[in-house]
Amino acid sequence: MTNDKARMRDGIADQRWCCVLFWVAHASRVLAVASSRSRTFLKIVLATRPKPAREMRALPNRLSRGFNQRCNCAFLHDFLPVRRAIYPGSFDPVTNGHLDVIERARTLFDEVIVAVAINDQKQPLFTPDERLAMLRQAITIDAVRVAPMDGLLVEFAASEGAHAVVRGLRAISDFEFEFQMALMNRKLDPEIETIFLMPKEEYTYLSSRIVKEIARLGGDVSAFVPSLVAEALAKKFNPELGNVAAVI
């Protein structure tokens, strides 16, 4: 009897282990099926969900390239303030040095406004309309606008929503006058900052006054100004060539 009881006890134990193994296997199959269905459901949901737009308004200047590479958030770029600068002057006429400063300023600001002084006391050679027209044809950079300016520079900058004024420095002789004007503009409007930019070395000696003097004496100024300006100067100092309005 003892052997029979022992065999019976061992048989019952084996049946219990079989039951345990069966339920473990069954539970594993249930979990595997549930996991597979969950993954399939997530794939379907993610596939049908519209992907968020990744387009952003990239800032066009060099100072913002690092930010554009680190941040792809269109929301932040849409609300970034536009950095706008004023580049004032008489531009009588515009020279290659002026264009070089405009190009340099454009790499620092989102928009540059070239402000042509209308009430200029220098007795300009070209009329305001002629200077505006020559500038608009000579400038081929995007986000650069030409506008007439009549009155105080700080008031014009405030009306255009600009907080910076760009001025070109050719030599030390320019610094004294430009420094005085920058301090006066800061006194009139503390929110207006003045930024000095240096043109290329070959333009450091160039000025509108020198160009006009060379053209008046019959010299070739094609290396100093755009071609349309050279033609306009030739017609100004040689009336027999026609009206300057024909080339503007």
Which heavy atom of [X] sits nearest a heavy atom of [Y], and at what distance?
X      : Y      : result
Leu233 : Ala215 : CB-CB, 4.0 Å
Pro199 : Leu169 : CD-O, 3.3 Å
Val154 : Asn185 : CG1-O, 3.6 Å
Ala162 : Ile192 : O-CD1, 3.5 Å
Pro93  : Phe126 : CB-CE1, 3.8 Å
Gly97  : Leu206 : N-CD2, 3.9 Å

Are [X] and [Y] close enough that some pair of their side-chain heavy atoms sits under 4.5 Å apart?
X      : Y      : answer
Phe91  : Met134 : no
Asp142 : Val144 : no
Thr95  : Ser207 : no
Val166 : Val112 : no
Val94  : Arg131 : no
Ser90  : Val116 : no
Arg170 : Tyr203 : no

For the [atom1] atom of [X] and the [atom2] atom of [Y], what is their distance to the nearest 0.5 Å?
X      : Y      : atom1 : atom2 : value
Leu125 : Lys236 : CG    : NZ    : 5.5 Å
Asp129 : Ile118 : CG    : CD1   : 7.5 Å
Leu135 : Arg145 : CG    : CZ    : 13.5 Å
Arg104 : Phe109 : CZ    : CZ    : 14.5 Å
Glu191 : His163 : CD    : NE2   : 6.0 Å

Step through the shown structure and confirm whether more than 12 heavy atoms of other residues, nucleotides or ligands are within 6.0 Å of [atom1] on [X].
X      : atom1 : value
Arg186 : CZ    : no
Arg136 : CZ    : yes
Glu202 : CD    : yes

Just by distance, no angles: are the side chains of Ser222 and Asp220 close enough, under 3.5 Å, to form a donor-acceptor pair? yes

Do [X] and [Y] sit in one hydrophobic cluster, given that two such residues count as connected whenever their side-chain heavy atoms are within less than 4.5 Å of each other, even indirectly?
X      : Y      : value
Phe224 : Met198 : no
Leu152 : Met181 : no
Val225 : Leu99  : yes
Phe196 : Met184 : no
Met149 : Val101 : no

Just by modelled atom types, is the Pro88 backbone N or O under 3.5 Å from a matching donor or acceptor in the Arg167 side chain? yes

Under 3.5 Å donor-acceptor, Asn96 side chain and Ala223 backbone: yes

NZ/NE/NH1/NH2 to OD/OE distance under 4.0 Å, [X] and [Y]:
X      : Y      : value
Glu160 : Arg84  : no
Arg106 : Glu103 : no
Asp92  : Lys212 : yes

Before you tell me yes or no, could you show the steps for Ile86 and Leu153 under side chain to side chain contact (heavy atoms under 4.5 Å, CB included), namely the whole-Å CA-CA distance, both residues' side-chain angles and the distance that decides it to 0.1 Å? CA-CA 9 Å; Ile86 306 295; Leu153 174 59; 3.9 Å; yes

Please report the C-alpha distance between Leu108 and Leu197 in whole Å, then the side-chain angles of each, then the deciding distance to 0.1 Å, and finally whether the side chain to side chain contact (heavy atoms under 4.5 Å, CB included) criterion is met. CA-CA 11 Å; Leu108 300 176; Leu197 296 179; 4.1 Å; yes

Verify side chain to side chain contact (heavy atoms under 4.5 Å, CB included) between Ile113 and Phe156, making sure each step is shown before the conclusion. CA-CA 10 Å; Ile113 301 176; Phe156 178 80; 4.2 Å; yes

Can you classify the ring geometry of Phe179 versus Phe175 as parallel (below 30°), tilted (30 to 60°) or perpendicular (above 60°)? parallel

